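Note that the structure is predicted; figures quoted are calculated from it, not measured. Order of the sequence lines fixes the chain letters, A, B, ..., with proteins taken first and strands second; residue numbering starts at 1 for each chain.
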Amino acid sequence: MKEVRVRFAPSPTGDLHIGGVRAALFNWLFAKNKGGKFILRIEDTDEARSTEASAQVILDAMKWLQLNWDEGPGNEFPKYAPYYQMKRKELGIYQKYSDELVERNLAYPCYCTPEEVDEMRKKAQANKLPPKYDGRCRRLAPEQRLQKEKEGKKPVIRFKTLESGATVLNDLIRGRIEFDNSLLDDFVIIKVSGTPTYNFACAIDDYLMEMTHVLRGDDHISNTPRQMQIYNALGWKSPEFAHMAMILGSDGARLSKRHGHTSVLEYRKEGYLQEALINYLALLGWSTQDSQQIFPIEELIWKFSTDRCRSSPSIFDPEKLLWLNGEKIRSKTVEQIYELFIDWLKYTDNEKIIDGWDREFLKKAIVLEHDKIKLLKDIPSLVDFFFVKDIVYNDDAVKKVLLSEKSKDTSKLVLTESAERLKNRQDFSADALEKYARDLAVEKEIKTGQVFHPIRVAISGRTQGPSLFHMMELMGKDEVIRRISAALAKFF
RNA sequence: GCUGCCAUCGUCUAGCGGCCUAGGACAUCGCCCUCUCAAGGCGGAGAUCACGGGUUCAAAUCCCGUUGGCAGCGCCA
């Protein structure tokens with residue numbers, strides 16, 4: 001059995017998008033599942049839009065996602081390197097095969113200008129025909145070619161597509177798809193600049209890099225017959241293809257800015273975990289028979305298969321991603337969350353937020369709020385009141401719990417009593433504190449809530465927060481008394 | 001316009017001819033737990049399986065057509 005080799009081949013014209021990650025992920029899972037190799041190749045033949053910076057951003061994003069590549073930039077195998085198409089162009093790789101095709105009369109130079117070609121397509125479309133290049137340079141006599149060359153015209157190279165018959169694709173996900181060859185025009189394989197076009201470079205590289213399978217978005221389905229014809233012309237066997245359905249935005253249109261974040265980096269900045277994004281994306285277009293939702297990455301690997309991929313598109317649901325992120329965080333130990341949080345602070349350049357915070361104390365605070373964390377960025381606002389000297393009292397909380405007509409007398413009583421009585425307590429454990437509070441309620445003949453709530457607001461400034469007594473225990477006796485006294489002084 | 005792909009709760013999906021009065025998950029609603037907020041547990045509502053025709057004793061499942069959505073039709077990838 002031949003070793004499975006698959007690739008992710010992004011073009012560095014922007015950030016890594018959700019759709020790109022999904023394509024990368026499915027290839028990565030496929031490779032891991034088959035014990036094969038996952039290759040990263042940069043398709044930077046778009047001379048106008050490709051940038052070095054963008055390539056770097058994509059590499060970084062892949063690293064963050066832990067979609068590690070067995071071969072690619074930074075991990076070059078002499079047999080297949082280089083992994084940037086423009087570097088491969090410099091080596092003359094594409095030119096060589098283009099020359100071969102021209103020599104064998106399977107491709108030809110075309111001197112038509114983009115404007116002329118545009119004109120042909122418009123005309124064809126006006127006649128309700130598929131917009132095609134009409135092939136006029138295909139049968140240029142040698143002397144006519146010479147004439148054009150003399151005029152100083154620089155040609156592109158066009159591939160001679162088959163004029164009749166059909167090209168049949170047996171897609172791993174969709175089954176048999178047949179393309180009528182007469183509908184394909186002679187497409188450009190080498191631009192005037194000498195750079196190969198996508199369809200050519202892709203086919204050549206997939207062959208030279210010995211790809212066994214090509215998993216990609218279904219927006220590439222109609223490119224497939226072109227690439228297959230190139231393989232055939234060169235006498236090569238084409239790889240297996242699998243076209244997965246696209247991911248769409250909430251309105252069913254292609255995922256774009258107005259649907260929220262599209263770049264993975266933005267999700268990272270928000271405090272999503274890479275494994276949540278991975279798990280969520282795996283669920284889009286793939287499923288198990290029992291509709292399992294949560295997968296550790298290892299399980300994703302051994303369960304993944306293309307024949308459980310759906311062929312219908314799916315809509316990206318940010319709410320479910322958020323839920324999944326919470327699930328992943330809840331499944332982590334506090335130590336792990338702490339590490340993730342610190343990494344996130346560094347990444348977002350927010351380390352100053354925790355300036356002066358005691359690290360061990362912070363971990364204990366995280367324990368108390370563990371299952372409330374949905375995003376790493378939630379953590380500061382969840383626990384910051386522990387660390388500030390002068391806490392910020394929420395207006396509504398103060399009005400409702402401390403100063404309302406109904407509550408002000410009992411609140412004042414509870415706080416005054418507590419400031420005094422807690423001083424003498426030896427046992428400041430959560431259990432002991434709870435007993436204290438309940439006893440106080442009984443003694444003063446008030447409801448337990450009338451004891452709990454004022455203390456909560458006094459020491460945290462808010463009505464929401466961790467378990468009251470655990471919060472007190474963690475704060476410690478001195479600080480609790482200090483805060484209660486401060487609240488007393490401020491509001492009563 | 002041409003070609004192709006797709007079509008099950010709002011969303012992600014299970015379903016490969018009888019187990020479906022269509023199952024799970026997110027979201028939503030209610031109840032329970034409870035010192036608040038969460039988390040968790042339980043339950044509800046939510047899908048004429050896009051529509052119309054076949055085939056069959058039997059169809060969400062197979063076939064044909066229609067409609068709708070999406071994609072491609074570049075010297076972009």
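Along RNA chain B, the nucleotide nearest A:Ile177 and the nucleotide nearest A:Arg438 are compared for position; the residue whose nucleotide lies closer to the 5' end is A:Ile177. Mapping A:Thr288 and A:Phe452 onto RNA chain B by nearest heavy atom places A:Thr288 at the nucleotide closer to the 5' end.
Computed from coordinates, the A:Leu322 CG to B:rA38 P distance equals 14 Å when rounded to whole Å. Remark: C1' of B:rA38 and CD of A:Glu327 are 13 Å apart, rounded to the nearest angstrom. Put simply, CG on A:Asn279 is 13 Å from P on B:rC26, counting in whole angstrom units. Rounded to whole Å, atom P of B:rG15 lies 10 Å from atom CG of A:Asp290. If you measure from atom CD1 of A:Ile173 to atom P of B:rC6, you get 11 Å, rounded to the nearest angstrom. Straight-line distance from the CZ atom of A:Phe469 to the C1' atom of B:rU34: 12 Å, rounded to whole Å. Rounded to whole angstrom, the span from the CH2 atom of A:Trp323 across to the P atom of B:rA39 amounts to 12 Å. Rounded to an integer number of Å, the gap from A:Arg456 CZ to B:rU34 C1' is 11 Å.
Heavy atoms of A:Thr463 sit under 4.0 angstrom from at least one base atom. Among the heavy atoms of the strands lying under 4.0 Å from A:Leu283 are primed sugar atoms or P, OP1, OP2 only; no base atom is included. Residue A:Gln289 is in sugar-phosphate contact alone, with no base atom involved, counting any heavy-atom pair closer than 4.0 Å across all strands shown. Nucleic acid contact for A:His370: none, since no nucleic acid atom lies under 4.0 Å from a heavy atom of the residue. Heavy atoms of A:Gly285 sit under 4.0 angstrom from primed sugar atoms or phosphate atoms, though from no base atom.
Taking atom C1' in both B:rA47 and B:rC20, the straight-line distance is 12 Å, to the nearest Å. Using C1' as the reference atom, B:rA71 and B:rC76 are 15 Å apart when rounded to the nearest Å. Here, B:rA25 and B:rU66 have their C1' atoms 34 Å apart, quoted to the whole Å. Comparing the C1' positions of B:rC70 and B:rA14 gives a spacing of 24 Å, expressed to the nearest Å. Taking atom C1' in both B:rG43 and B:rG54, the straight-line distance is 42 Å, to the nearest Å. Separating the C1' atom of B:rG23 from that of B:rG69 is a span of 27 Å, rounded to the nearest Å. The gap from the P atom of B:rG1 to that of B:rA58 amounts to 40 Å, rounded to the nearest Å. Spacing between B:rU56 and B:rG18 at atom C1', rounded to whole Å, works out to 12 Å.
Aromatic ring orientation, A:Phe159 versus A:Phe187: tilted (interplanar angle from 30° to 60°). Between A:Tyr267 and A:His261, the ring planes lie perpendicular to each other; the angle is over 60°, past the 30° to 60° tilted range.
For the pair A:Asp134 and A:Lys123, the minimum side-chain heavy-atom distance is 4.5 Å or more.
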Completion exercise
Contact string for nucleotides 65-77 of chain B, one letter per nucleotide 5' to 3', B = base within protein heavy-atom range under 4.0 Å, S = sugar-phosphate only, - = neither, reads -----SSSBSBBB
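Across all strands shown, nothing is found opposite B:rC19 as a Watson-Crick or G-U wobble partner with both distances under 3.5 Å. With a cut-off of 3.5 Å on both Watson-Crick or G-U wobble distances, the partner of B:rA47 is given as none. Under the Watson-Crick or G-U wobble criterion, with both distances below 3.5 Å, B:rA38 has no partner in any strand shown. The base-pairing partner of B:rU61, taking Watson-Crick or G-U wobble contacts with both distances under 3.5 Å, does not exist among the strands shown. Across the strands present, B:rC9 finds no partner; the criterion is a Watson-Crick or G-U wobble pair with both atom distances under 3.5 angstrom. Checking B:rC2 for Watson-Crick or G-U wobble geometry (two distances, each under 3.5 Å) identifies B:rG72 as its partner. With a cut-off of 3.5 Å on both Watson-Crick or G-U wobble distances, the partner of B:rC33 is given as none.
The shortest distance between the side-chain N/O atoms of A:Arg310 and the OP1/OP2 oxygens of B:rC6 is not below 4.0 Å. A close approach under 4.0 Å does not occur between any side-chain nitrogen or oxygen of A:Ser467 and OP1 or OP2 of B:rU36. When the side-chain nitrogen and oxygen atoms of A:Thr448 are compared with OP1 and OP2 of B:rC35, none of them lie within a distance under 4.0 Å. In this model, the phosphate group of B:rG15 is approached by a side-chain N or O of A:Arg308 to a distance below 4.0 Å at OP1 or OP2. Residue A:Ser291 places none of its side-chain N or O atoms closer than 4.0 Å to OP1 or OP2 of B:rA25.
The pair A:Lys148-A:Glu151 does not count as a salt bridge, with every side-chain nitrogen at least 4.0 angstrom from each carboxylate oxygen. With salt bridges taken as basic N to acidic carboxylate O contacts below 4.0 Å, one links A:Arg121 and A:Asp185. Of the charged side-chain nitrogens involved, at least one lies within less than 4.0 Å of a carboxylate oxygen, so that A:Arg174 and A:Asp218 count as a salt-bridged pair. A salt bridge is absent between A:Asp431 and A:Lys435; no separation between the charged side-chain nitrogens and carboxylate oxygens falls under 4.0 Å.
The cationic group of A:Arg462 does not satisfy the cation-pi geometry with A:Phe385, failing either the under 6.0 Å distance to the six-membered ring centre or the 45° limit from the ring axis. For A:Arg308 and A:Phe304, the positive end is not near the middle of the six-membered ring at less than 6.0 Å and at most 45° from its axis.
The side chain of A:Glu319 lies closest to B:rA27, out of B:rA39, B:rC12, B:rA27. Considering only side-chain atoms of A:Ile221, the nucleotide from B:rU36, B:rC5, B:rA39 that sits closest is B:rC5.
Judged by atom type and distance alone, A:Arg174 does not reach the base of B:rC5 through any side-chain donor-acceptor pair under 3.5 Å.
Aromatic ring centres of A:Tyr393 and A:Phe491 lie closer together than 6.0 Å.
With sequence neighbours left out, A:His213 forms a ring pair (Phe, Tyr, Trp, His ring centres under 6.0 Å) with A:Phe30.
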